[in-house]
K.L.:
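Would you mind keeping the following structure in view while I ask a few things?
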Amino acid sequence: MAYHTAQIMVKMEHSDIPEGQGADLGVTFSEANLEKHSAIIEDLHIGDHIRFNATLISLGDRHHLHHLRAFDIAKIPGHLDV
C-alpha cells in the first residue's frame, strides 16, 4: 500500500490560491480503497461535489498540490462549473 492506484484532482469551493486555475488538492487512493469505492469513483464527473475522509500527506505550494490519501469518499448533491 506504499503506492497509489488512483488520484482525484479536487477544486475547493473556496480556492487555496486566489484566482487559481485548476485543482487545489490531489486525493489519492490505495489499491484496497480504490476497489472498495470503485462504483462511487467511476460515477464521478467533472464538477461533482464530493465528501471525503483523508490524511494529509504533504502540503503544497503555488506550484504543487496538497496531497491527501483518502480512506472514504461519497458523492453529494451539487455541481461546480470547472
Side-chain angles (χ1 to χ4, degrees):
M1 295 234 210
Y3 60 95
H4 312 294
T5 58
Q7 181 172 4
I8 295 177
M9 310 302 276
V10 177
K11 179 70 173 173
M12 300 299 289
E13 196 166 338
H14 299 284
S15 183
D16 198 27
I17 301 171
E19 301 177 28
Q21 301 289 322
D24 295 307
L25 309 173
V27 179
T28 59
F29 291 83
S30 68
E31 185 175 2
N33 283 322
L34 176 61
E35 186 174 316
K36 181 179 176 183
H37 301 292
S38 63
I40 295 167
I41 293 168
E42 290 173 6
D43 190 42
L44 292 176
H45 300 283
I46 294 173
D48 285 347
H49 285 194
I50 60 171
R51 182 185 69 238
F52 59 91
N53 181 11
T55 298
L56 180 64
I57 301 298
S58 64
L59 286 174
D61 56 28
R62 184 169 276 294
H63 305 288
H64 301 91
L65 297 176
H66 303 299
H67 175 198
L68 293 90
R69 182 171 298 145
F71 299 100
D72 190 35
I73 186 169
K75 185 175 174 180
I76 59 175
H79 185 81
L80 178 67
D81 288 331
V82 180

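Note that the numbering runs from 1 along the sequence shown for the chain. In this text, all values refer to a predicted model and were calculated from it rather than measured experimentally.
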K.L.:
Decide whether Leu56 and Ile73 are clustered together by the hydrophobic rule: side chain heavy atoms of Ile, Leu, Val, Met, Phe, Trp, Tyr closer than 4.5 Å, transitively.
P.N.:
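Yes: a chain of side-chain contacts under 4.5 Å links Leu56 to Ile73.
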K.L.:
Would you call Phe52 and Leu68 a side-chain contact if the rule is heavy atoms closer than 4.5 Å?
P.N.:
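They are in contact (side-chain heavy atoms under 4.5 Å apart), so the answer is yes.
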K.L.:
Donor-acceptor pair, distance only, cut-off 3.5 Å: does the side chain of His37 make one with the backbone of Phe71?
P.N.:
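Yes: the side chain of His37 pairs with the backbone of Phe71.
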K.L.:
Considering non-hydrogen atoms only, spot the tightest contact between Ile40 and Ala74 and give its length.
P.N.:
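Of all heavy-atom pairs spanning Ile40 and Ala74, the closest is CG2-CA, 4.3 Å.
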K.L.:
Considering all heavy atoms of both residues, which atom of Val27 and which atom of Ala70 are nearest to each other, and what is their separation?
P.N.:
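Val27 and Ala70 have their closest heavy atoms at CG1-CB, 3.4 Å.
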K.L.:
Do Asp24 and Val10 make a side-chain contact, defined as non-hydrogen atoms from C-beta onward lying under 4.5 Å apart?
P.N.:
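No, every pair of side-chain atoms sits at 4.5 Å or beyond.
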K.L.:
Measuring from atom CZ of Phe29 to atom CZ of Arg69, what distance do you get when rounded to the nearest 0.5 angstrom?
P.N.:
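Atom-to-atom, Phe29:CZ and Arg69:CZ are 11.5 Å apart.
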K.L.:
What's the separation between atom NE2 in His66 and atom OG in Ser58, rounded to the nearest 0.5 Å?
P.N.:
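With rounding to 0.5 Å, NE2 (His66) is 9.0 Å from OG (Ser58).
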K.L.:
Using side-chain heavy atoms (C-beta onward) and a distance below 4.5 Å, is Leu65 in contact with Leu25?
P.N.:
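No, their side chains stay 4.5 Å or more apart.
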K.L.:
Under the criterion side chain to side chain contact (heavy atoms under 4.5 Å, CB included), I'd like the reasoning laid out for Asp48 against His79: C-alpha separation, chi angles, the key distance, then a yes or no.
P.N.:
CA-CA 5 Å; Asp48 285 347; His79 185 81; 3.7 Å; yes
K.L.:
Tell me whether Leu44 is reachable from Ile76 by hopping between hydrophobic residues (I, L, V, M, F, W, Y) whose side-chain heavy atoms are closer than 4.5 Å.
P.N.:
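No.
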K.L.:
Can a side-chain donor-acceptor contact be found between Thr28 and His67 if the only test is distance below 3.5 angstrom?
P.N.:
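Indeed, the side chains of His67 and Thr28 share at least one donor-acceptor pair under 3.5 Å.
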K.L.:
Locate the shortest heavy-atom distance separating Ala23 from Met9; write the atom from each residue and the value.
P.N.:
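Smallest heavy-atom distance, with atoms named: CB-CB, 3.7 Å.
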